[in-house]
Amino acid sequence: MKRDKFKVFDSEELGRIFLPDGLSYDKSRAVHVSPLHGRAVAVAVADYQWISVKGGGWNYGGPQVYISNKDEELILGLYPSDSAARELAVSREIEKFTDRLPKVLYYKKLCDAALPEKYARISEAKFKNGVLVHPCLLYTQVKSPFRVADLTYFTESEKADAVEYCCGYWGIPADEYTKTFTEQLATHVALLHKHGFINDTLDYGNVTMLAEVIDYEWVTAPGIKLFDGTYGLQITDERKEKEILYGAEVCLQLKAMLHEEYNLFDIYQAFTSAYRKVNADFLDANTNIRKILNKEEIIL
C-alpha cells in the first residue's frame with residue numbers, strides 16, 4: 001500500500017506537531033485510509049504494529065470538517081475529547097483480561113498545541129447545539145491499519161496485498177484467510193461478552209482485517225457511563241445474540257468483497273463454534289441460538 005509522510009488535515013506542518021510520540025517524522029511513513037475513515041491515518045511502527053490516529057480531518061480534499069445540520073451532536077472530521085476519554089477508559093478495562101484487542105495509548109487535545117493561524121478556529125468548533133467539540137487526536141495501537149469496510153475502495157491487487165499481509169501474521173495460506181478471520185473475530189466477541197462488554201455497533205467499519213474490534217466510544221463496559229448518562233442499560237441475552245449475528249455478517253461481507261462463495265448459516269455455525277470455545281456457558285444456555293443452529297427459526 002502507498003505510504004506517505006504523516007499528515008493531519010492534509011498538512012505536513014500539523015503532522016510534525018502531532019506525530020505519535022517517540023517517532024522520527026522524516027523516517028515515519030503513514031497510510032491514509034479509505035474515504036470511509038478519512039479522519040484516520042495509520043503510522044507504521046514495526047511489523048504488525050501500527051498506530052491509528054483518529055481525528056485528523058478528511059484527507060481526500062474538500063471541506064476538512066463537516067457539521068451536521070440534522071443531528072445536534074454530529075460532526076465529521078473531528079474527534080471530541082469526551083469520546084476519546086471514554087475510549088481510553090474502556091480500553092484500559094479490556095487490557096485487564098486480554099492483549100488481543102487494540103490498545104488506546106493516549107489522546108492529544110488540539111487546543112493544547114500552538115496551532116498555526118490557519119487552523120486556530122478548529123479549537124473553537126462547536127456542535128449544532130452550541131457545545132464545544134474540544135477536538136483531539138486519539139492514538140490507538142493496532143496490528144492492521146485497514147478495516148474490512150476499507151476493502152470497498154481497494155483494487156483487486158490491493159485486496160490481495162492486504163490479505164497476504166494478514167496471512168503472514170497468522171502464518172496461514174491465503175485460502176484460509178476468511179476462515180481464520182471468522183474464528184478470530186468470534187473469539188474476540190466471546191471474550192468481550194464473557195467479561196461484561198457489549199458492542200451494539202459491531203459492523204465491518206469497526207473491525208480490522210486482522211479481526212480486531214476497534215472504536216470503543218459506544219461499547220458498553222462495566223462501570224463506565226455512556227454519553228446518555230446510563231451504563232448501557234441491562235445487558236440482555238438479546239443484545240449478545242444480535243452482536244453474534246452482526247459478527248457473522250461482518251464475515252459474510254468480507255467473503256463477498258473477496259469474491260468467495262458465502263452462506264450466512266455456514267458462517268454463523270463457524271462463528272458460534274469458535275465463540276463456544278471461550279464462552280460456552282452463554283451459548284449452551286441460549287434457546288434462540290440453539291433454534292437458529294437447528295434451523296428451526298431465527299428469533300431476534
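Remember, it's a predicted structure, so these values are computed and weren't measured experimentally. Side chains are part of it too, since the values below use all heavy atoms of this structure and drop only hydrogens, waters and symmetry mates.
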Any salt bridge linking Lys194 with Asp281? Criterion: basic side-chain nitrogen under 4.0 Å from a carboxylate oxygen. no
Does this structure show an ion pair linking Asp203 with Arg147, if we count only N-O contacts that are shorter than 4.0 Å? no
If only atom types and distance count, is the side chain of His188 paired as donor or acceptor with the main-chain N or O of Ala211 below 3.5 Å? yes
When rounded to the nearest 0.5 angstrom, what is the spacing between CG in Asn206 and CD1 in Ile214? 8.0 Å
Can you confirm if the aromatic rings of Tyr165 and Tyr48 lie within a centre distance of less than 6.0 Å? yes
Transitive ILVMFWY side-chain link Leu132 to Phe127, under 4.5 Å: no
In sequence, state the C-alpha distance, the side-chain angles, and the governing distance for Phe6 and Phe18, and then conclude on ring pair (Phe, Tyr, Trp, His ring centres under 6.0 Å). CA-CA 9 Å; Phe6 176 67; Phe18 291 106; 8.6 Å; no
Taking side-chain hydrogen bond (donor to acceptor under 3.5 Å, both in side chains) as the criterion, tell me which of Glu241, Lys240, Lys291 meets it with Asn286. Glu241
Between the side chains of Tyr216 and Glu93, is a donor N or O closer than 3.5 angstrom to an acceptor N or O? no
Pairwise distance OG1(Thr201) to OH(Tyr246) - rounded to 0.5 angstrom: 9.5 Å
Are Glu212 and Ser144 close enough that a side-chain donor and a side-chain acceptor fall under 3.5 Å? no
Looking at Lys179 and Glu176, is there a salt bridge between them, counting it only when a charged N and a carboxylate O are closer than 4.0 Å? no
Does Asp215 pair with Lys54 as a salt bridge, N-O distance under 4.0 Å? yes
Scan side-chain atoms only and decide if Thr220 and Arg239 contain a donor-acceptor pair under the 3.5 Å cut-off. yes
Will you find, in the side chains of Ser91 and Glu95, an N or O donor that is under 3.5 Å from an N or O acceptor? yes
In one Ile/Leu/Val/Met/Phe/Trp/Tyr side-chain cluster, 4.5 Å: Phe265, Val250: no
Is Lys159 close enough and on-axis enough to Phe154, meaning under 6.0 Å and within 45°, for cation-pi? no
